[in-house]
Amino acid sequence: MIDLTIDGRPVSVPEGSTILDAAKKLDINIPTLCHLDLEGTPMVNKAASCRICVVEVEGRRNLAPSCATPATNGMVIKTNTIRVLNARKTVMELLLSDHPKDCLVCAKSGNCELQDLAEKFGLRENRFEHGAQSTYVKDVSPAIERDMNKCIMCRRCETMCNEVQTVGALSGINRGFDAVVSPAFEMPLDESVCTFCGQCVAVCPTGALVERDYTWKVIEALADPDKVVVVQTAPAVRAALGEEFGYEPGTLVTGKMAAALRTLGFDHVFDTDFAADLTIMEEASEFLDRLTRHLEGDTSVKLPILTSCCPAWVKFFEHQYPDLMDVPSTAKSPQQMFGAIAKSFYAEKLGIPRDKMVVVSIMPCLAKKYECAREEFSVDGNPDVDLSITTRELAHMIKQANIDFRNLPDEDFDDPMGASTGAAVIFGTTGGVIEAAVRSAAEWATGQELDKVDFESLRGLDGCREAKIPVGDLVLHIGIAHGLGNARRLLDAVRNNEVEPFHAIEIMACPGGCVGGGGQPYHHGHMEIVAKRAQALYREDEGKPIRKSHENPSIKALYEEYLGKPLGEKAHHLLHTHYFK
Ligand code: HC1
Ligand code: SF4
């Protein structure tokens with residue numbers, strides 16, 4: 001152990017700790033900006049580029065960045081001297097001298113760590129106000145907007161993209177005022193290998209990386225008397241939306257969310273969870289079909305089957321694993337299954353043409369914006385899902401409409417595309433999709449009802465997990481990865497035959513699964529918030545009267561009335577897709 005003193009208080013920390021770690025142990029709050037440590041992931045941003053966290057170390061001439069300076073025996077640290085305060089203030093002035101002053105209209109206003117620090121330091125003037133400024137053109141993709149004039153070169157996005165996600169879309173280029181974090185050759189994000197996972201947005205401290213905001217388009221659709229506006233809400237949204245209205249992380253606000261959407265003027269308030277149940281019908285059927293043929297000796301059949309509901313993961317394997325293109329399930333994601341059914345079955349039921357209907361999705365995710373813009377998810381140029389907005393954008397809409405969210409009554413979703421089971425709601429956390437699939441596949445394979453539908457061995461937050469699940473005479477070997485770096489590790493091991501063969505693998509691009517999506521309320525690095533959201537989804541599952549997708553009465557009726565059978569011709573046409581190299 002290392003013994004040192006901070007602000008006159010002794011503390012012992014393990015070898016390898018920084019001064020910042022030691023201060024945390026004493027609950028001494030040293031301000032930081034570029035630093036970020038996402039516990040449970042490889043994300044520790046050690047750039048030490050901002051120098052906001054400097055402290056005085058007795059016996060040293062220079063101030064030391066506490067996030068990158070190892071604690072050593074006998075150190076005497078002071079975190080709050082006038083020299084330290086002056087240095088931090090100067091750093092802030094320099095950062096702000098090359099930062100736009102459009103805070104009032106910035107998407108990050110109210111959530112900006114730079115703004116918070118400026119307020120905390122009590123800056124009232126800037127000695128360097130009229131110095132040189134960087135000038136970049138905004139890069140606007142279907143999912144993400146990059147305004148590099150707001151970049152403070154903290155490199156968090158780069159660490160996230162390269163070390164956690166292993167995508168490698170971003171790196172620091174150029175020097176001086178031209179220094180910027182960018183895709184190679186300064187190409188637009190849309191033309192790069194970016195997956196639109198949105199995790200760089202989730203960790204950006206300023207407004208340099210934000211979601212493409214479609215709330216005004218939604219408001220315009222709601223105001224158009226010629227449109228029927230249908231909304232679907234993703235599983236993970238209900239476990240996080242409350243945070244925007246002062247609720248503790250992990251508070252479920254499903255009923256209030258439905259009431260808020262109705263108050264906003266949506267004509268039909270439905271649930272993506274309905275389509276998650278539908279996804280299980282198709283995906284679990286496809287899995288059993290492949291498994292049966294495999295057991296019968298059909299060597300053309302590919303196992304493990306990989307889940308395909310996460311669009312960032314789909315884009316990742318299209319770029320990075322073109323040789324494995326026939327391994328993922330062909331089932332569309334619940335978002336897209338919902339859109340396809342809403343604009344066929346439901347539009348027909350209402351007696352309206354598909355272009356009179358506007359389907360809006362509320363998602364915890366930025367890649368869903370990109371997914372609904374993919375050409376294959378449209379008919380004659382009319383998309384199955386017209387607009388996808390994030391949990392954060394929905395919160396803005398509710399605030400803008402002066403809705404008193406906390407005092408809303410709990411309301412239900414509408415029929416028939418609002419009914420769902422517990423299996424659907426756990427889609428929103430890592431391991432949930434495969435647990436939902438196992439609940440149905442096990443009953444179909446054995447013809448017997450499960451004694452217990454909870455498969456605890458599939459749960460948890462370890463980045464790569466595996467479990468063995470007995471089903472009749474067979475033991476299913478299941479793999480799970482969340483975060484694209486973990487997905488890469490698992491897939492490489494599968495491709496190189498370094499692991500016992502899996503039957504099925506679930507992959508979600510974001511750490512924690514959708515509950516940790518790039519469109520959720522900012523968690524500022526506190527991964528325990530993501531864990532609480534996951535627990536909330538398991539609670540909702542436990543409280544549901546029906547917990548297996550194939551028992552959802554609305555789904556059964558949909559097959560009887562309209563689709564025929566899982567993997568049948570109509571289901572194949574509406575609910576399955578293909579991938580592109
Ligand atoms: Fe997800 Fe999914 S679970 S991908 O994480 O399969 O975004 O919540 O909506 O489509 O249902 C996201 C969440 C979401 C889809 C479902
Ligand atoms: Fe990298 Fe994901 Fe950001 Fe794209 S969205 S740049 S893949 S972190």
Side-chain angles (χ1 to χ4, degrees), residues 43 139 141 143-144 146 156-171 181-183 188-190 192-204 209 211 232-240 271-280 283 307-316 319-320 329 331-339 361-372 377 385 388 390-391 420 423-434 436-437 482-485 506-520 533-534 537 549:
M43 170 88 196
D139 172 14
S141 76
I144 292 174
R146 286 173 64 242
R156 285 184 186 177
C157 56
E158 198 183 337
T159 306
M160 176 53 88
C161 190
N162 299 341
E163 287 172 32
V164 181
Q165 300 297 63
T166 68
V167 173
L170 296 174
S171 54
V181 177
S182 161
L189 215 47
D190 202 15
S192 75
V193 291
C194 170
T195 65
F196 298 124
C197 72
Q199 286 301 308
C200 53
V201 173
V203 296
C204 176
L209 290 162
E211 67 263 45
Q232 54 162 321
T233 61
V237 175
R238 68 209 65 202
D271 199 356
T272 314
D273 291 24
F274 164 86
D277 281 330
L278 188 57
T279 300
I280 290 302
E283 202 167 73
T307 58
S308 57
C309 43
C310 166
W313 152 235
V314 167
K315 195 163 188 285
F316 183 75
H319 284 299
Q320 317 265 351
S329 162
K332 287 181 186 173
S333 73
Q335 168 175 270
Q336 294 309 137
M337 284 201 186
F338 183 98
S361 70
I362 317 292
M363 293 280 143
C365 172
L366 303 194
K368 289 286 172 193
K369 294 172 186 279
Y370 147 81
E371 183 183 48
C372 65
F377 299 134
V385 178
S388 179
T390 60
T391 312
S420 67
V425 81
I426 58 173
F427 261 58
T429 180
T430 166
V433 177
I434 208 72
H482 57 113
L484 291 171
E506 179 204 288
I507 293 178
M508 287 292 182
C510 293
C514 291
V515 280
Q520 294 280 61
R533 294 172 186 162
L537 295 186
S549 297

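We count ligands from 1, going down the list as the structure has it; atoms in each ligand are counted the same way. Because the structure is a prediction, the values reported are computed rather than measured.
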Shortest non-hydrogen separation from [X] to [Y] and the atoms involved:
X	Y	result
Val433	Met508	CG2-CE, 3.5 Å
Asp277	Ser549	OD1-OG, 2.6 Å
Ser141	Asp190	CB-CB, 4.2 Å
Gln520	Ala236	NE2-O, 3.2 Å
Arg156	Cys204	NH1-C, 4.5 Å
Leu537	Ala239	CD2-CB, 3.9 Å

Which atoms from ligand 1 have a heavy atom of [X] less than 4.0 Å away?
X	value
Cys309	4 (S), 6 (O)
Pro334	6 (O), 10 (O), 11 (O), 15 (C), 16 (C)
Met363	7 (O), 9 (O)
Lys368	4 (S), 7 (O), 10 (O), 12 (C), 15 (C)
Cys365	7 (O)
Ala276	11 (O)

With under 30° as parallel and over 60° as perpendicular, where do the rings of Tyr370 and Phe196 fit, or are they tilted in between? tilted
Against ligand 1, does Pro364 come closer than 4.0 Å with any heavy atom? yes
Side chain of [X], backbone of [Y]: donor and acceptor closer than 3.5 Å?
X	Y	result
His482	Gly512	yes
Thr391	Val237	no
Arg146	Val181	yes
Gln199	Cys510	no
Thr390	Met363	no

Check ligand 2 against [X] and write out every atom of the ligand that is under 4.0 Å from a heavy-atom position of the residue.
X	result
Ile144	5 (S)
Cys200	3 (Fe), 5 (S), 6 (S), 8 (S)
Phe196	4 (Fe), 5 (S)
Leu170	6 (S)
Val167	7 (S)
Cys197	2 (Fe), 5 (S), 8 (S)

Can you tell me the protein heavy atom closest to [atom] and the distance?
atom	answer
atom 14 (C) of ligand 1	Pro235 CD, 3.7 Å
atom 5 (O) of ligand 1	Cys514 SG, 1.1 Å
atom 5 (S) of ligand 2	Gly198 N, 3.2 Å
atom 4 (Fe) of ligand 2	Cys194 SG, 2.4 Å
atom 1 (Fe) of ligand 2	Cys161 SG, 2.3 Å
atom 3 (S) of ligand 1	Phe427 O, 3.3 Å
atom 9 (O) of ligand 1	Ala234 CB, 3.0 Å

Donor-acceptor side-chain pairing of Glu371 and Ser333 below 3.5 angstrom: yes
With heavy atoms under 4.0 Å as the rule, classify the contact between Gln335 and ligand 1 as side chain, backbone, both or neither. both
Test of understanding: given a 4.0 Å heavy-atom threshold, classify the contact between Gln336 and ligand 1 as side chain, backbone, both, or neither.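 Gln336 to ligand 1: no contact under 4.0 Å from either part.
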If I apply the N/O under 3.5 Å rule, does Ala236 come out as touching ligand 1?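 Yes.
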Looking only at distances, can you tell me whether any N or O atom of Asp273, backbone or side chain, sits closer than 3.5 Å to an N or O atom of ligand 1?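 Min N/O separation from ligand 1 is not below 3.5 Å for Asp273.
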Under 4.0 Å between heavy atoms, the region of Thr195 that gets near ligand 2 turns out to be both
Val201 contact mode with ligand 2 (heavy-atom cut-off under 4.0 Å):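 Within the 4.0 Å criterion, Val201 makes no contact with ligand 2.
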Apply the test side chain to side chain contact (heavy atoms under 4.5 Å, CB included) to residues Glu506 and Thr430: give CA-CA distance (whole Å), side-chain angles for both, the deciding distance (0.1 Å), then the verdict. CA-CA 8 Å; Glu506 179 204 288; Thr430 166; 4.1 Å; yes
Roughly how far, to the nearest 0.5 Å, is CZ of Phe377 from NZ of Lys332? 6.0 Å
